[in-house]
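What follows is a short report on a single structure.
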Amino acid sequence: MTRTVLIVGCGDIGSRVARLELAEGHGVYGLARSAETAARLAGQGIAAVGGDLDKPDSLAGLKGGWTTLYYLAPPPASAVDDPRLAALLEALPATRLPGKVVYISTSGVYGDCGGDWVSEDRPPHPQTGRSRRRWAAEEALTASSRRHGVTAVILRVPGIYGPGRLPLERIRAGVPVVCEEESPYSNRIHADDLAEVCFAAGRRPAAEGVYNVSDGRPTTMTDYFYRVADHFGLPRPPAISMADARRVLSPAMLSFLEESKRLDNGRMLRELHPRLRYPDLERGLAACSGLDP
């Protein structure tokens with residue numbers, strides 16, 4: 001059955017989702033805050049819908065009526081919650097709401113789990129401003145969806161890698177990593193596979209609730225950097241202790257080092273049945289060869 005979708009946040013992942021929807025013959029619309037963005041979307045076969053999430057009045061003309069809403073836009077960097085998501089939910093006509101909303105969140109909402117395997121049953125414990133904003137957005141979307149009878153799918157996503165999304169410049173710059181024995185576990189998903197998971201969540205009628213998204217093969221963060229360096233023939237970055245890392249690395253880098261978890265992606269595989277092209281890092285990096293400088 002032909003359906004129409006609205007993608008809010010038509011960046012890299014949103015564009016990949018759009019291509020999957022268009023390949024099925026579905027109507028794809030994208031929120032555009034400028035004429036330049038509208039032109040870029042048109043070049044991808046996406047019909048532009050005018051509106052700026054940071055200017056709620058600009059959303060007043062949204063007519064609604066889309067079958068599925070993919071919400072991929074991040075919250076503002078300095079907000080307590082997510083006023084952008086709130087503005088969109090407020091602007092959509094109550095009589096023409098989408099049947100389903102697919103929202104990209106972060107696995108950071110779990111906080112530090114000490115390297116434990118984490119399923120969707122684990123209570124969130126966000127510990128950074130970034131993850132607290134995402135958790136607030138999850139709660140707001142869940143409450144709104146229940147109130148209006150809309151199905152909400154929340155995808156808790158870890159690090160995304162792929163062409164243009166690899167830490168090559170950091171490795172070339174020799175930024176140190178934490179020594180292997182102290183390095184936290186990290187999780188990842190290839191950009192193409194994340195788009196496929198979004199698409200699967202949007203098209204499967206039974207998809208609902210929270211899903212951990214990952215390739216299911218977590219390793220330490222240091223192992224990830226080493227394997228990227230090895231694949232591209234770069235020197236491995238120097239390793240330092242966690243104590244030294246706290247002295248020399250930026251707060252942003254440290255925020256990722258202070259949390260360790262291994263995501264259980266079983267529910268995603270069982271219920272969404274995504275066709276993962278890169279179920280491990282080796283195959284994912286091979287697909288990036290020749291595409292990254």
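In this chain, residues are counted from 1 in sequence order. All figures in this text were calculated on a predicted structure; none of them were measured in a lab.
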*Verdict with supporting geometry, D193 and R275, salt bridge (charged side-chain N to carboxylate O under 4.0 Å, His left out)*: CA-CA 8 Å; D193 285 343; R275 298 184 292 269; over 6 Å; no

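- The pair E259-K261 counts as a salt bridge, with a side-chain nitrogen and a carboxylate oxygen less than 4.0 angstrom apart.
- R156 CZ to R122 CZ: the interatomic distance, rounded to the nearest 0.5 Å, is 11.5 Å.
- Proximity of a side-chain donor or acceptor of R217 to a complementary backbone N or O of P279 within less than 3.5 Å is detected.
- At most 12 heavy atoms of other shown residues, nucleotides or ligands fall within 6.0 angstrom of atom NE2 in H125.
- For the atom pair NZ (K63) and CZ (R96), the distance works out to 8.5 Å, reported to the nearest 0.5 Å.
- A donor-acceptor contact shorter than 3.5 Å is absent between the side chain of Y103 and the backbone of L155.
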*asked:* Applying side-chain contact (heavy atoms from CB on, under 4.5 Å) to T68 and V101, what does each step give before you reach the verdict?
replied: CA-CA 6 Å; T68 303; V101 178; over 6 Å; no

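- D112 places a side-chain heavy atom less than 4.5 Å from the side chain of S260.
- Contact check on R277 versus D192 returns a salt bridge, with a Lys/Arg side-chain nitrogen under 4.0 Å from an Asp/Glu carboxylate oxygen.
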_Pair S241-E182, side chain to side chain donor-acceptor pair (under 3.5 Å): steps then yes or no_ = CA-CA 7 Å; S241 69; E182 293 187 81; 4.9 Å; no

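- Nearest heavy-atom pair across G9 and L72 is O-CB, 3.7 Å.
- Checked by atom type and distance alone, the side chain of R40 never pairs as donor or acceptor with a backbone atom of A35 at under 3.5 Å.
- Residue Y224 comes nearest to T219 through the heavy atom pair N-OG1, 4.1 Å, listed as atom of the first residue, atom of the second, then distance.
- Scanning both residues, T4 and G65, for their nearest heavy atoms gives OG1-O, 3.9 Å.
- The cationic group of R236 does not satisfy the cation-pi geometry with F225, failing either the under 6.0 Å distance to the six-membered ring centre or the 45° limit from the ring axis.
- Salt bridge annotation for D81-R132: absent, with no cationic side-chain nitrogen under 4.0 angstrom from a carboxylate oxygen.
- Without hydrogens or angle criteria, T142 side chain to E138 main chain gives a donor-acceptor distance under 3.5 Å.
- Atoms CG and CG, from D223 and L281 in turn, are 7.5 Å apart once rounded to the nearest 0.5 Å.
- For the pair S58 (side chain) and K55 (backbone), a donor-acceptor distance under 3.5 Å is present.
- Within the 4.5 Å cutoff, side-chain heavy atoms of P167 are placed close to those of V228.
- In the hydrophobic clustering of ILVMFWY residues, with side-chain heavy atoms under 4.5 Å counting as a link, L6 and L53 come out together.
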*With side-chain contact (heavy atoms from CB on, under 4.5 Å) as the test, would you mind laying out the steps for C198 and I104 before giving the verdict?*
CA-CA 8 Å; C198 291; I104 283 191; 3.7 Å; yes

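- For T37 (side chain) and R33 (main-chain N/O), no donor-acceptor pair under 3.5 Å exists by modelled atom type.
- No more than 12 heavy atoms of other residues, nucleotides or ligands sit less than 6.0 Å from atom CD of E282.
- One finds no salt bridge joining R227 and D230 here, because no Lys/Arg side-chain nitrogen approaches an Asp/Glu carboxylate oxygen to under 4.0 Å.
- Atom CD1 in I154 sits 7.0 Å away from atom OG in S105 (nearest 0.5 Å).
- The main-chain N or O of G11 is found under 3.5 Å from a side-chain atom of S15 such that the two form a donor-acceptor pair.
- Figure legend: cation-pi geometry between R203 and Y70 absent, as NZ or CZ is not positioned both under 6.0 Å from the six-membered ring centre and within 45° of its axis.
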_As a quick check of understanding, evaluate side-chain contact (heavy atoms from CB on, under 4.5 Å) for L89 and R147, giving each step before the final call._
CA-CA 12 Å; L89 295 176; R147 189 163 58 249; over 6 Å; no

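- Of all heavy-atom pairs spanning G99 and V150, the tightest one is O-CG1, 3.7 Å.
- Looking only at side-chain heavy atoms (C-beta outward), V213 and N265 stay at 4.5 Å or farther from each other.
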*Could you please spell out the steps behind the side-chain contact (heavy atoms from CB on, under 4.5 Å) verdict for V102 and L69?*
CA-CA 6 Å; V102 178; L69 165 65; over 6 Å; no

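- L269 and W117 are not part of a single hydrophobic cluster, where members link through side-chain heavy atoms under 4.5 Å apart.
- Hydrophobic clustering of Ile, Leu, Val, Met, Phe, Trp and Tyr side chains at less than 4.5 Å, counting indirect connections, keeps V197 apart from Y161.
- Counting only heavy atoms from C-beta outward, the side chains of W135 and R130 never approach each other to under 4.5 Å.
- Here I46 contributes atom CD1 and L22 contributes atom CG; the two are 6.5 Å apart, rounded to the nearest 0.5 Å.
- Looking only at atom types and distance, the side chain of Y110 has no donor-acceptor partner in the side chain of D116 under 3.5 Å away.
- L20 places a side-chain heavy atom less than 4.5 Å from the side chain of E196.
- Within a 6.0 Å sphere centred on CD of E139, other residues, nucleotides and ligands contribute more than 12 heavy atoms.
- Remark: the S131 side chain and the T128 side chain contain an N/O donor-acceptor pair separated by less than 3.5 Å.
- Hydrophobic clustering of Ile, Leu, Val, Met, Phe, Trp and Tyr side chains at less than 4.5 Å, counting indirect connections, unites F199 with L41.
- Taking the side chain as every heavy atom from C-beta outward, P76 and P83 approach each other to under 4.5 Å.
- Relative to the six-membered ring of Y278, R283 misses at least one condition, a distance below 6.0 Å or an angle of at most 45° to the axis.
- Proximity of E258 to Q127: side-chain heavy atoms (C-beta onward) are nowhere separated by under 4.5 Å.
- For the pair S255 (side chain) and A252 (backbone), a donor-acceptor distance under 3.5 Å is present.
- At least one donor-acceptor pair closer than 3.5 Å links the side chain of N212 to the backbone N or O of D264.
- D54 and R84 are joined by a salt bridge, as a carboxylate oxygen and a charged side-chain nitrogen come within less than 4.0 angstrom of each other.
- For R267 and Y211, the positive end sits near the middle of the six-membered ring, less than 6.0 Å away and at most 45° from its axis.
- Closest non-hydrogen pair, M268 versus S214, comes out as CE-O, 3.5 Å.
- Of all non-hydrogen atoms in A229 and P237, the two that sit nearest each other are CB-CD, 4.4 Å.
- Taking the side chain as every heavy atom from C-beta outward, L254 and R246 approach each other to under 4.5 Å.
- Using modelled atom types and a 3.5 Å distance limit, the side chains of E208 and T151 yield no donor-acceptor pair.
- From H148, atom NE2 reaches atom CG of L97 across 6.0 Å, with rounding to the nearest 0.5 Å.
- Comment: E21 does not engage R16 in a salt bridge, judged by the lack of any side-chain N to carboxylate O separation of less than 4.0 angstrom.
- A single hydrophobic cluster is not seen to contain both I13 and Y29; linkage of ILVMFWY side chains at heavy-atom distances under 4.5 Å, directly or through other members, places them apart.
- Judged purely by atom type and a 3.5 angstrom limit, R262 uses its side chain to pair as donor or acceptor with the backbone of G115.
- If you check the side chains of H231 and S289, you find a donor sitting under 3.5 Å from an acceptor.
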